[in-house]
Chemist: 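Below: one structure in structure tokens.
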There are 2 protein chains.
Amino acid sequence: MTIKVIMQELSTSEENYIKAIYAIEQAERDTVSTNALAEQMQTKASSVTDMVKKLSAKSLITYEKYKGVTLTEEGIAIAIKLIRKHRLWETFLVEKLGFGWDEVHEIAEQLEHIQSSKLTQKLDAFLNYPKFDPHGDPIPNEDGVIHKNEKARNLSETDLQEAYIVIGVSDVSPSFLKYLDKNGINIGSKIKVLQRYDFDQSISIEFNGKEINLSKTAVQNITVIPN
Amino acid sequence: MTIKVIMQELSTSEENYIKAIYAIEQAERDTVSTNALAEQMQTKASSVTDMVKKLSAKSLITYEKYKGVTLTEEGIAIAIKLIRKHRLWETFLVEKLGFGWDEVHEIAEQLEHIQSSKLTQKLDAFLNYPKFDPHGDPIPNEDGVIHKNEKARNLSETDLQEAYIVIGVSDVSPSFLKYLDKNGINIGSKIKVLQRYDFDQSISIEFNGKEINLSKTAVQNITVIPN
DNA sequence: AATATATTTTAGGCAAGTCTAAAAATATTA
DNA sequence: TAATATTTTTAGACTTGCCTAAAATATATT
Ligand SMILES: [Mn+2]
Ligand SMILES: [Mn+2]
Ligand SMILES: [Mn+2]
Ligand SMILES: [Mn+2]
């Protein structure tokens, strides 16, 4: 007797909620509150309550009134599949179609919902099984395994006078990425941390021979490893 | 004073209706009836009436009660853009990802709704501005121009003992395309029409040295040009 | 502990897209 | 042309996903 796993069809909205819950779970290591989810989804708390009941009924999250939600194993698997598709498509758009890294997130938000596991698998092969997307984020493999870089840290947690390599950005808004482009900073850029200003938590770095000042907000959105 | 053309955002459902109306208009050269549209959309006539009112309010079709619908200029432009995207994606899936021509239609049905004119343009360039999709259908260019082959005709309208080249298929169902695959018939296949059987309107052709019998239904779905 | 504040849920409503059943209009046929 | 059949529209209902306003619960403050 064979057991058939029925992978339920999810709406785009349901998928986006799953992704949002996953993202919050990764950031804060706690159950996800209704308000936090409403914030992430740019919607109202009452809408979140509605959706959260539906996802709970489908066993993709556990939900207790007034106590927030957590993804189930199945929910996590779905979230990771979506992230995999999102990052593969972003890689395709940059590597094959020549888009800038600031242009691909919005399009990938649409493409990640295309339903075809064969497509995902063939896209992965076509791209030569890339490990990271254009923003330096790791791409989960077909089994859902994500290889995080152990040495990765936020630029705000670095030592003075030490050399680092930029390996990722956590804000993918076009304005931030264009700002980095203007300064020539990209994934792989070699930098040295020169000074840290306590009054506004900005820092100055050496990059390509010149000194660049980065605001607190910019610094918080750059991930590096020691060089 | 500049006139700004506001390209309205359409839902996937609205887009599919526009495409369906266009397809029927091409086939029968007449206004499109509610029932014909319901048949094409695999839905009920009452649902069609509802949608037809909406599209009419958006000036994408002209609609008169009990008299069927016609696409407006704007409606036609939208239909052609969708067909362009559909066929470009099918080409991508076959040429770049290695899908079979029988596997791509369903996936392209999803991909054609991705919103980004820059994506369409870059995909076109990446594919080297292909003129035809994997089923031999012409791909509209960025200006909406479709180059139809003047010499194209249905296999049912061919002369005996004459040589032809298969240039297209009008049924894209996997079962039909797999049937052609089994016989080795593809776009570009050189064939000779041997005989025509009146009693069931089947024909026999010579292909690759061997004789193949094709049913009426098969014949009706193959497009050829004289060799 | 009682009160005030913040968070979350419920109640009720709206738009899109679909359906069934019934009514209205059009087309066919006797 | 009148009856019959077919097509199309309307009426009313359902689901999904969202909203606002109000009620319920939980948390913070005095
Ligand atoms: Mn992204
Ligand atoms: Mn990314
Ligand atoms: Mn197709
Ligand atoms: Mn095609």
Side-chain angles (χ1 to χ4, degrees), chain A residues 7-21 24-25 27-28 30-71 75 78-79 82 109-110 112-113 115, chain B residues 7-21 24-25 27-28 30-71 75 78-79 82 109-110 112-113 115:
Chain A
M7 181 51 104
Q8 36 201 333
E9 293 264 302
L10 298 178
S11 70
T12 295
S13 192
E14 288 172 323
E15 290 192 337
N16 284 334
Y17 270 91
I18 295 283
K19 263 211 320 170
I21 295 166
I24 299 169
E25 275 185 355
E28 355 218 325
D30 203 2
T31 64
V32 175
S33 75
T34 301
N35 264 2
L37 197 40
E39 163 72 26
Q40 181 86 6
M41 289 298 294
Q42 299 274 66
T43 187
K44 304 294 167 183
S46 54
S47 304
V48 170
T49 303
D50 286 347
M51 180 58 91
V52 134
K53 285 173 178 169
K54 217 183 310 175
L55 294 175
S56 174
K58 293 186 178 184
S59 305
L60 303 178
I61 62 177
T62 59
Y63 165 58
E64 246 192 297
K65 267 193 192 180
Y66 295 101
K67 303 226 164 136
V69 302
T70 343
L71 287 174
I78 290 168
L82 286 164
E109 281 295 318
Q110 299 178 61
E112 72 192 3
H113 301 290
Q115 307 275 6
Chain B
M7 182 51 105
Q8 35 201 333
E9 293 264 301
L10 297 178
S11 70
T12 294
S13 192
E14 288 171 322
E15 290 191 337
N16 283 334
Y17 270 91
I18 295 283
K19 261 210 323 169
I21 295 166
I24 299 168
E25 276 185 354
E28 356 218 324
D30 203 2
T31 63
V32 175
S33 75
T34 302
N35 263 2
L37 197 39
E39 163 72 27
Q40 181 85 8
M41 289 296 297
Q42 298 275 66
T43 187
K44 303 294 168 181
S46 55
S47 305
V48 170
T49 302
D50 285 347
M51 180 56 91
V52 133
K53 285 174 179 169
K54 219 183 309 175
L55 295 176
S56 173
K58 293 186 176 183
S59 304
L60 302 178
I61 62 177
T62 59
Y63 165 59
E64 248 192 297
K65 267 195 192 178
Y66 294 102
K67 303 227 165 136
V69 301
T70 342
L71 287 174
I78 290 168
L82 286 165
E109 281 297 317
Q110 299 178 62
E112 71 192 4
H113 301 289
Q115 307 276 6

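Quick note on labels: first sequence line is chain A, next is B, and so on, each numbered from 1. Just so you know, these numbers come straight off a predicted model, no measurement behind them.
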Chemist: Measure from CD on B/E39 to C1' on D/dT7 and round the result to the nearest Å.
Modeler: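 Atom CD in B/E39 sits about 14 Å away from atom C1' in D/dT7.
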Chemist: Could you state the NZ-C1' distance from A/K67 to C/dA6, rounded to the nearest angstrom?
Modeler: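 A/K67 atom NZ is separated from C/dA6 atom C1' by 18 Å.
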Chemist: With a 4.0 Å limit, can you tell me whether A/T34 has a side-chain N or O closer than that to the phosphate oxygens OP1/OP2 of C/dT9?
Modeler: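 True: A/T34 side-chain N/O within range (under 4.0 Å) of C/dT9 OP1/OP2.
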Chemist: About how many Å separate CG of A/L60 and CG of A/L10, when rounded to the nearest 0.5 Å?
Modeler: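 Between A/L10 CG and A/L60 CG, I get 6.0 Å after rounding to 0.5 Å.
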Chemist: Could you point out which residue of B/E14, B/Q40, B/E109 forms a side chain to side chain donor-acceptor pair (under 3.5 Å) with B/K19?
Modeler: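 That would be B/E109; it is the only one of B/E14, B/Q40, B/E109 passing the side chain to side chain donor-acceptor pair (under 3.5 Å) with B/K19.
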Chemist: How would you label the contact of A/S47 with the nucleic acid (heavy atoms, under 4.0 Å): base, sugar-phosphate, or nothing?
Modeler: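 Base contact.
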Chemist: May I have the distance from A/D30 (atom CG) to C/dT7 (atom C1'), rounded to whole angstrom?
Modeler: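 So the two atoms are 15 Å apart, to the nearest Å.
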Chemist: Looking only at side-chain N and O atoms, does A/N35 come under 4.0 Å of OP1 or OP2 in C/dT8?
Modeler: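 Answer yes for this pair, as a side-chain N or O of A/N35 is under 4.0 Å from OP1 or OP2.
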Chemist: Is there a side-chain contact between B/S46 and the phosphate of D/dA11, meaning an N or O under 4.0 Å from OP1 or OP2?
Modeler: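 It does not, given that no N or O in the side chain of B/S46 lies less than 4.0 Å from OP1 or OP2 of D/dA11.
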Chemist: Could you state the atom-to-atom distance from CE of A/M51 to P of C/dT8 in whole Å?
Modeler: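 After rounding, the reported distance stands at 18 Å.
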Chemist: Counting only side-chain heavy atoms from C-beta out, which of C/dT18, D/dT8, C/dT20 sits nearest to B/K44?
Modeler: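 Of the options given, the side chain of B/K44 lies nearest C/dT20.
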Chemist: Would you say A/T43 reaches D/dC19's phosphate, i.e. side-chain N/O to OP1/OP2 under 4.0 Å?
Modeler: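 Yes, A/T43 has a side-chain N/O under 4.0 Å of OP1/OP2 on D/dC19.
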Chemist: Rounding to a whole Å, what distance do you find between A/E64:CD and D/dT25:P?
Modeler: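 After rounding, the gap between these two atoms is 15 Å.
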Chemist: With a 4.0 Å limit, can you tell me whether B/K65 has a side-chain N or O closer than that to the phosphate oxygens OP1/OP2 of D/dT10?
Modeler: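 For D/dT10, OP1 or OP2 has a side-chain N or O of B/K65 closer than 4.0 Å.
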Chemist: Could you tell me whether the phosphate oxygens of C/dT10, OP1 or OP2, come under 4.0 Å of any side-chain nitrogen or oxygen in A/K53?
Modeler: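 Answer is yes, contact under 4.0 Å.
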Chemist: If you compare every side-chain N and O of A/T49 against the phosphate oxygens of C/dT9 (OP1, OP2), does one of them come in below 4.0 Å?
Modeler: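 Affirmative; the distance criterion is met.
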Chemist: Rounded to the nearest 0.5 Å, what's the gap from CD on A/E64 to OG1 on A/T70? Could you check?
Modeler: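 OG1 of A/T70 is found 9.0 Å from CD of A/E64.
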Chemist: Under 4.0 Å between a side-chain N/O of A/Y63 and OP1 or OP2 of C/dT9, yes or no?
Modeler: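 Result: yes.
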Chemist: Given atom CG of B/N16 and atom P of C/dG17, what is their separation to the nearest angstrom?
Modeler: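 B/N16 atom CG is separated from C/dG17 atom P by 11 Å.
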Chemist: Determine yes or no for a side-chain-to-main-chain donor-acceptor pair under 3.5 angstrom, with A/E25 supplying the side chain and A/L71 the backbone.
Modeler: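 Here the side-chain-to-backbone pair exists.
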Chemist: Test B/V52 against B/Y17 for side-chain contact (heavy atoms from CB on, under 4.5 Å), laying out the working first.
Modeler: CA-CA 9 Å; B/V52 133; B/Y17 270 91; 5.7 Å; no
Chemist: Using a cut-off of strictly less than 4.0 Å, decide whether B/Y66 has a side-chain nitrogen or oxygen near OP1 or OP2 of C/dA23.
Modeler: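 False: B/Y66 side-chain N/O out of range (4.0 Å or more) of C/dA23 OP1/OP2.
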Chemist: Specify the separation, in whole Å, of atom CD of B/E15 and atom P of C/dG17.
Modeler: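 Rounding to the nearest Å, CD of B/E15 and P of C/dG17 are 11 Å apart.
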Chemist: What's the CG-P distance between B/L10 and C/dG17, to the nearest Å?
Modeler: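 Taking CG of B/L10 and P of C/dG17, I get 10 Å after rounding.
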